Peer 1: 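For reference, the structure I am asking about is given below.
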Amino acid sequence: MKKRNLAALVTAGAMCLGLLAGCGGQAENTPAGTNSDPAGETSSAGTAGGTFKIGFIGPLTGPNASYGVSASQGAQIAVNEINALGGAVQFELRVQDDVSDAETAVNAYNNLLDWGMQALVGPVTTGPAVSVAAETYNDRVFAVTPSASSLDVIDGKDNYFQICFTDPNQGISAATYLSESLPDATVAVIYNNGDAYSTGIYEAFVQEYERLGGEIVSTGTFTDDSQTDFSVQLTAAQNAGADLIFAPIYYTPASVILTQGAAMGYDFTLFGCDGMDGILGVEGFDTSLAEGMLLLTPFSSDLEENATFVDAYEAAYGSTPDQFAADGYDCVYALYTALQEAGCTADMSAEDICEALIPVMTQIEVDGMTGLLSWAATGEVTKDFDVYVVENGAYAVA
C-alpha cells in the first residue's frame with residue numbers, strides 16, 4: 001500500500017469529489033510558534049480568517065503518556081501541513097491531558113467545550129474514550145479517536161469514529177496470522193483481564209484461533225496492580241511447552257515479560273497488537289530482548305513511503321514517530337477531508353458540524369499513514385494490517 005504525504009493527496013482528492021469544499025495547532029513538546037496557556041493546554045492558530053477549533057484529549061503524563069504524546073504530536077504535524085496550504089479549512093488545535101483516567105477525560109472534554117471546540121480528536125485510550133463518547137453523543141459533538149479500539153466506544157453512537165482497528169478485528173487478525181503463518185507454534189496467552197482493550201482482543205482471538213483449529217496450552221491473567229511480576233504466568237507457559245506467547249497488552253508490561261522471561265532462561269516469541277508499539281522506547285529496557293518479537297500494527301517508520309511524515313515529525317520533536325503518532329495524523333486528515341466534502345464553514349456550531357459530517361464519513365476515503373481508510377456507519381474503520389518483526393532494533397515486515 002502506498003502511503004504518501006497527505007497534504008497534496010487530500011487536496012487533490014477533495015477537488016475530484018465534486019469541488020464541494022468550502023469550509024472556511026500545537027501539542028506538548030510542540031515546535032516553535034506554539035501558544036501554551038497556564039492550564040497546560042496548548043493551541044496554535046491557523047492563518048487569518050475563520051478556523052475550526054479542534055480539541056484533543058489523551059494522556060500526556062502518567063504510565064500511558066507515550067500514546068497521548070505521540071498521537072497529539074502526530075495530529076499537530078497534520079495541522080501544520082493543512083494550515084500551511086492556506087486553504088479555506090484551517091485548524092486551531094487545543095490539547096488536554098487526561099492521564100488515561102475517565103473522570104479526568106470528561107473534565108477535559110468540558111474544558112474544551114467551554115473553549116468553543118467544534119470537533120474532537122480522542123480520547124486516546126479506551127476507558128476515557130468510553131466515558132467521553134457518551135458526552136459527545138448527548139452534546140452532538142463529532143469525534144474521531146486515534147487509538148481507543150473497544151467497540152464500547154462507538155456502540156450506538158453515530159457521531160464517533162475510530163482510526164484504529166477494533167479489538168475484535170485485532171484478535172481475529174492475530175489468530176488468522178498465527179494459523180496461516182505459524183501453524184506449528186505452541187501458543188500460550190497472557191492478558192490483562194481488568195482492561196477492556198486487552199480483554200476484547202483476547203476474547204476475539206481465542207474464539208477465532210480455536211475455530212481455526214488452534215490450541216492454547218496456557219492462559220495467564222493480570223491486572224494493572226499486578227503487572228510488575230509475571231513469574232507465575234511465565235512458569236505456567238514454559239511448563240506447558242509454549243514457544244509463542246500471544247499478549248494483547250501495552251508495551252510497559254510487555255517489556256517486563258520479556259525481561260523476566262530472559263532472566264528465567266525461557267526462550268519464546270512474544271506476539272502482540274498495536275498497544276505494544278513503543279516497546280523499543282521504554283526507558284531502561286534492554287531492547288535486544290525484543291529481537292524476534294512480532295506485533296500487529298498498520299504503521300512502520302522504517303518504510304520509505306512514510307519518509308515525509310517521519311522526517312517532519314523528527315524535525316519537530318527530535319524523535320521517531322510510532323503508530324500512535326500516525327493515528328493522530330490520520331485523525332486530523334479524516335476531519336479535513338470530511339469538512340471539505342460536507343461543505344462546512346468555521347462559523348457553524350459544533351452540533352451543525354456533527355450532523356453534516358456523520359453521513360459524509362461513510363463516503364470518503366483517506367490515504368493515510370496507517371493505510372487506505374474508509375468507515376462504516378457503525379464508526380469502525382476498514383484498512384489493511386501488517387505484522388512486523390523486530391530485527392536489529394527496528395521493525396521489518398514479517
Side-chain angles (χ1 to χ4, degrees), residues 1 3 64 66-67 70-71 74 124-126 146-149 163-182 185 187-192 195 197-202 204-205 208-209 227 230 237 242-259 261-262 268-282 285-303 306 310 320-327 369-371 381 383-398:
M1 182 185 306
K3 301 174 187 173
N64 296 325
S66 174
Y67 302 128
S70 290
V124 167
T125 52
T126 291
S147 53
S149 52
I163 293 294
C164 59
F165 298 118
T166 65
D167 293 341
N169 184 296
Q170 294 195 65
I172 291 169
S173 297
T176 301
Y177 177 82
L178 283 181
S179 179
E180 294 178 352
S181 301
L182 297 170
V187 178
V189 176
I190 297 176
Y191 75 101
N192 185 339
D195 176 67
Y197 164 81
S198 189
T199 301
I201 296 177
Y202 162 76
F205 172 80
E208 183 67 7
Y209 191 59
Q227 60 181 350
F230 293 93
D243 55 18
L244 185 145
I245 296 177
F246 177 65
I249 61 178
Y250 296 135
Y251 60 85
T252 301
S255 69
V256 177
I257 287 173
L258 288 171
T259 300
F268 62 92
T269 297
L270 189 65
F271 181 24
C273 296
D274 61 357
M276 207 170 286
D277 193 6
I279 193 170
L280 298 179
V282 174
F285 173 61
D286 179 0
T287 56
S288 68
L289 299 178
E291 285 294 303
M293 187 190 82
L294 299 166
L295 75 159
L296 188 155
T297 177
F299 173 79
S300 170
S301 62
D302 298 312
L303 298 182
N306 297 332
V310 172
T320 301
D322 56 16
Q323 174 211 304
F324 299 94
D327 285 334
M369 287 297 107
T370 64
V381 70
K383 61 183 178 182
D384 292 332
F385 76 92
D386 290 305
V387 175
Y388 291 91
V389 59
V390 177
E391 291 182 350
N392 300 315
Y395 294 162
V397 176

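Treat the numbers as computed from the prediction; the structure is a model and nothing was measured.
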Peer 1: Going from OG on Ser300 to CG on Asn306, what distance comes out if it is rounded to the nearest 0.5 angstrom?
Peer 2: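 It is 7.0 Å, given to the nearest 0.5 Å.
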Peer 1: For Thr287, which residues count as a side chain to side chain contact (heavy atoms under 4.5 Å, CB included) partner, sequence neighbours excluded?
Peer 2: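 With neighbours one apart ignored, the set is Leu280, Phe285.
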Peer 1: Can you list everything that forms a side chain to side chain contact (heavy atoms under 4.5 Å, CB included) with Thr297? Sequence neighbours excluded, please.
Peer 2: Asp277, Leu295, Gln323, Tyr388
Peer 1: Just to verify, what does Asn192 make a side-chain hydrogen bond (donor to acceptor under 3.5 Å, both in side chains) with, not counting sequence neighbours?
Peer 2: Asp224
Peer 1: Does Tyr250 have any ring-ring contact (aromatic ring centres under 6.0 Å, His included) partners at least two apart in sequence or in another chain, and if so, which?
Peer 2: Tyr67, Tyr197
Peer 1: Which atom pair, heavy atoms only, marks the closest approach of Ile279 to Ser255?
Peer 2: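 Scanning both residues, the minimum pair turns out to be CD1-N, 3.8 Å.
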Peer 1: Among residues at least two apart in sequence or on other chains, which ones pass side-chain hydrogen bond (donor to acceptor under 3.5 Å, both in side chains) with Thr176?
Peer 2: none
Peer 1: Tell me the closest heavy-atom pair linking Pro248 and Ser198, and the distance in Å.
Peer 2: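 Shortest heavy-atom separation between Pro248 and Ser198 comes out as O-OG, 2.8 Å.
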Peer 1: For Ser301 and Thr320, which heavy atoms make the closest approach, and how far apart are they?
Peer 2: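 The pair with the smallest heavy-atom distance is OG-CG2, 3.2 Å.
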Peer 1: Who are the ring-ring contact (aromatic ring centres under 6.0 Å, His included) partners of Phe205, not counting sequence neighbours?
Peer 2: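 ring-ring contact (aromatic ring centres under 6.0 Å, His included) list for Phe205, sorted by chain: Tyr209, Phe246.
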Peer 1: Do the non-hydrogen side-chain atoms of Ile190 and Tyr202 ever get within less than 4.5 Å of each other?
Peer 2: no
Peer 1: Could you work out, with ring-ring contact (aromatic ring centres under 6.0 Å, His included) as the rule, every residue matching Phe230, not counting sequence neighbours?
Peer 2: Phe222
Peer 1: Any sub-3.5 Å donor-acceptor pair from Asp322's side-chain atoms to Ala325's backbone N or O?
Peer 2: yes
Peer 1: Over all heavy atoms of both residues, which pair between Val390 and Ala290 is shortest? Give the atoms and the distance, please.
Peer 2: CB-O, 3.3 Å
Peer 1: Look up atom CG in Asp195 and atom CD1 in Ile249, then write down how far apart they are to the nearest 0.5 Å.
Peer 2: 10.0 Å
Peer 1: Kindly say whether Ile163 contributes a backbone atom to a donor-acceptor pair with the side chain of Lys383 at under 3.5 angstrom?
Peer 2: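 At least one qualifying donor-acceptor pair exists.
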Peer 1: With sequence neighbours excluded, tell me which residues meet side-chain hydrogen bond (donor to acceptor under 3.5 Å, both in side chains) with Glu208.
Peer 2: Arg211
Peer 1: For the pair Glu391 (side chain) and Gly292 (backbone), establish whether a donor and an acceptor sit closer than 3.5 Å, ignoring hydrogens and angles.
Peer 2: no
Peer 1: Work out which heavy atom in Ile201 is nearest to a heavy atom in Cys273; give both atom names and the distance.
Peer 2: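 So the minimum-distance heavy-atom pair works out to CG2-SG, 4.0 Å.
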Peer 1: With distance as the sole test, does Asp167 use its side chain to make a donor-acceptor pair with the main-chain N or O of Thr199 at under 3.5 Å?
Peer 2: no
Peer 1: For Thr166, enumerate each residue passing the side chain to side chain contact (heavy atoms under 4.5 Å, CB included) test, keeping only those at least two apart in sequence or located in another chain.
Peer 2: Leu151, Gln162, Pro168, Asn169, Glu380
Peer 1: Measure the spacing between CE of Met293 and CG of Leu258 and express it to the nearest 0.5 Å.
Peer 2: 7.0 Å
Peer 1: So how far is it from Leu296 CG to Leu178 CG, rounded to the nearest 0.5 Å?
Peer 2: 10.0 Å
Peer 1: Please report the shortest heavy-atom distance between Ala326 and Met369, naming the atom on each side.
Peer 2: CB-CB, 3.7 Å
Peer 1: Quick one: side chain to side chain contact (heavy atoms under 4.5 Å, CB included) partners of Ser147, sequence neighbours excluded?
Peer 2: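 Applying side chain to side chain contact (heavy atoms under 4.5 Å, CB included) to Ser147 gives Val124, Phe324, Asp327.
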Peer 1: Could I get the full list of ring-ring contact (aromatic ring centres under 6.0 Å, His included) partners for Tyr177, not counting sequence neighbours?
Peer 2: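 With sequence neighbours excluded, Tyr177 shows a ring-ring contact (aromatic ring centres under 6.0 Å, His included) to Phe271, given in chain and number order.
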Peer 1: Any donor-acceptor pair under 3.5 Å linking the side chain of Ser70 with the backbone of Ser66?
Peer 2: yes
Peer 1: Using the side-chain hydrogen bond (donor to acceptor under 3.5 Å, both in side chains) criterion, which residues pair with Thr259? Sequence neighbours excluded.
Peer 2: none
Peer 1: Using modelled atom types only, decide if a donor and an acceptor are shared between the side chain of Gln170 and the backbone of Asp274 within a distance under 3.5 Å.
Peer 2: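 Yes, Gln170 side chain to Asp274 backbone: donor-acceptor pair under 3.5 Å.
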Peer 1: Would you call Val310 and Phe299 a side-chain contact if the rule is heavy atoms closer than 4.5 Å?
Peer 2: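 Side chain of Val310 against side chain of Phe299, heavy atoms only: contact under 4.5 Å found.
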Peer 1: Quick one: does Leu182's side chain get under 4.5 Å of Leu294's, heavy atoms only?
Peer 2: yes
Peer 1: In Å and rounded to the nearest 0.5 Å, what is the CE to OG1 distance from Met276 to Thr252?
Peer 2: 11.0 Å
